[in-house]
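In the text below, chain A, chain B and the rest are named by the order of the sequence lines, each starting its count at 1. A quick note: this is a predicted structure, and the numbers were derived from the prediction, not measured.
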Protein chains: 2
Amino acid sequence: MTERPFHHGSLRTALLDEAVLVLRESGVHGLSLRDLARRAGVSHGAPRSHFVDRQALLDALAETGFRRLTSRVELALAGQDDVRHRFLRVAHAYVDFAIDDAALMDLMFPASPSPRSSTVAAAARDLFATLDGAMGSRRADTDEVARETFEMLFAATMQGIATLVASNRIDRARGDRLVDEATEMMLGSTLATTAVT
Amino acid sequence: MTERPFHHGSLRTALLDEAVLVLRESGVHGLSLRDLARRAGVSHGAPRSHFVDRQALLDALAETGFRRLTSRVELALAGQDDVRHRFLRVAHAYVDFAIDDAALMDLMFPASPSPRSSTVAAAARDLFATLDGAMGSRRADTDEVARETFEMLFAATMQGIATLVASNRIDRARGDRLVDEATEMMLGSTLATTAVT
DNA sequence: ACCTGAACACCGTTCAAGT
DNA sequence: ACCTGAACACCGTTCAAGT
């Protein structure tokens, strides 16, 4: 009678957890609702109760990705006041995540942008708000445009380094060094002097 | 008797050309061998004569992508001697391509890196060699390590900006301005003074 | 509210057969 | 050498039915 001992309401999270693992080793292409159902020990129609279609699952995955990355960045911020170290820690947290969960990053920042569900959009906004807080000046009179430009370039560079590593153009150690060098270069630029404290 | 007037040997390129279009409007997910065969007016088994499996088609697409991007960069280099303008033109050429063919870029720089076929690898090397030539110093005694680092950071930043635009985080005009600003910032850094002429 | 299981259309892949 | 068409296993999606 304990034929299906699990999922007295936890099937949704069980599917998501399993999906993260599959994603990590087989990419988006390896993700199938039927396969996830099989792994969870339920019928192939069961996931339908929690995700209307495959895209809904992918959206939910992107949302958890944004939340996990946000908490990683928050962790990197804990107890750091020096600007240089703050940037370095955030940068490494971001790039590490992007490399370890490259396929998930593709779901979070899809190349063919589909209209984003509101819950995913909210999770994305939380991440950007956290990043803003991490990089923003604490002085109110700082040039707003310069700061936003600086933030964008910083995010772009980190995302780019992660892509280089994830696609095997450079190895991880090289990527780590690039993160350091990029951070130093950007903090040393004239843009930075008007953008951050 | 002209039931199938095309493809007296051109089916391969016909499939590839069609695939680029499908890729552009439906992403990798919308690419199906059977659908391509249908559009070309051949049976579903016909593509097999030119591509052993779906991955072989994706590899071929990546290869053509590298070749097209290489020629775009070469075009951007034509008749430009000033360093600043050279960088700006190459950067815009790169980012424009990455935005217009974002899905193709994902095939060229896959998140879950599969072992790359030798022909794809060769096409990729051609692109990197061209980029090296575009950005490299003409003086032989320049610091080699600094130059390579500078090249990597430049490529990473451009790829990152393209990702931001392709995933709709910023619009295209903002991306264009970021390209300009990033180029100025990088050329103004101390890294650049030891890396480029 | 959540899950089952049959049904349908679609896909990648294989393969014998045609030209 | 290139293409056809049947076959097989797999998938997403829908839906009536169970609990």
Which nucleotide, dC3(C), dT4(D), dC11(D), lies nearest any side-chain atom of L11(A)?
dC3(C)

When both hydrogen-bonding distances must be under 3.5 Å and the geometry is Watson-Crick or G-U wobble, what is dT13(C) paired with, if anything?
dA7(D)

Taking the six-membered ring for Trp, are the ring centroids of Y94(A) and F87(A) within less than 6.0 Å of each other?
no

Output the single nucleotide from dG5(C), dT13(D), dC11(C) whose closest atom is nearest the side chain of R38(B).
dC11(C)

May I have the distance from F51(B) (atom CZ) to dC3(D) (atom P), rounded to whole angstrom?
11 Å

For dG18(D), give the paired nucleotide (Watson-Crick: N1-N3 plus N6-O4 or O6-N4; G-U: N1-O2 and O6-N3; both under 3.5 Å), or none.
dC2(C)

Which listed nucleotide (dT13(D), dC2(D), dT4(D)) is nearest to the side chain of R34(A)?
dT13(D)

Look at the side chain of S43(B) and decide which nucleotide, out of dG5(C), dT4(D), dC11(C), has an atom nearest to it.
dT4(D)

Is it true that a side-chain atom of D171(A) and a backbone atom of R174(A) form a donor plus acceptor pair closer than 3.5 Å?
yes

Same cluster or not: are L88(A) and L77(A) linked, directly or through other Ile, Leu, Val, Met, Phe, Trp or Tyr residues, by side-chain heavy atoms under 4.5 angstrom apart?
no

OP1 or OP2 of dC2(C) sitting under 4.0 Å from any side-chain N/O of S49(A)?
no

Would you mind telling me which residue lines up with the more 5' stretch of DNA chain D, P47(B) or L33(A), judged by nearest nucleotide?
P47(B)

Counting side-chain heavy atoms from C-beta on, which of dT13(C), dT4(C), dG12(D) comes nearest to A46(A)?
dT4(C)

Compare side-chain N and O positions of H50(A) against OP1 and OP2 of dA1(C) and report whether any pair is under 4.0 Å apart.
no

Nearest-Å distance, CG (L58(A)) to P (dC11(D))?
15 Å

Among R24(A), R68(A), R172(A), which one satisfies salt bridge (Lys or Arg N to Asp or Glu O under 4.0 Å) with D100(A)?
R172(A)

Closest approach to the side chain of D53(B), judged atom by atom: which nucleotide of dG5(D), dT13(C), dC11(D) is it?
dT13(C)

Using only heavy-atom distances, decide whether a donor-acceptor pair under 3.5 angstrom links the side-chain of H44(A) to the base of dA6(C).
yes

Whole angstroms only, please: what is the CG-C1' distance between D35(A) and dC10(D)?
11 Å

Rounded to whole Å, please give me the gap between CG in L15(A) and P in dC2(C).
13 Å

For Q55(B) and dC11(C), give me the distance from atom CD to atom P, rounded to whole Å.
18 Å

Can a donor-acceptor pair under 3.5 Å be found between the side-chain atoms of R48(B) and the base atoms of dT4(D)?
no

Length of the CZ-P vector between R12(B) and dA1(D), whole Å:
16 Å

Looking at D106(B), L61(B), L58(B), which hits side-chain contact (heavy atoms from CB on, under 4.5 Å) with L23(B)?
L61(B)

Among dT4(D), dG12(D), dC11(C), which is the nearest nucleotide to the side chain of V42(B)?
dT4(D)

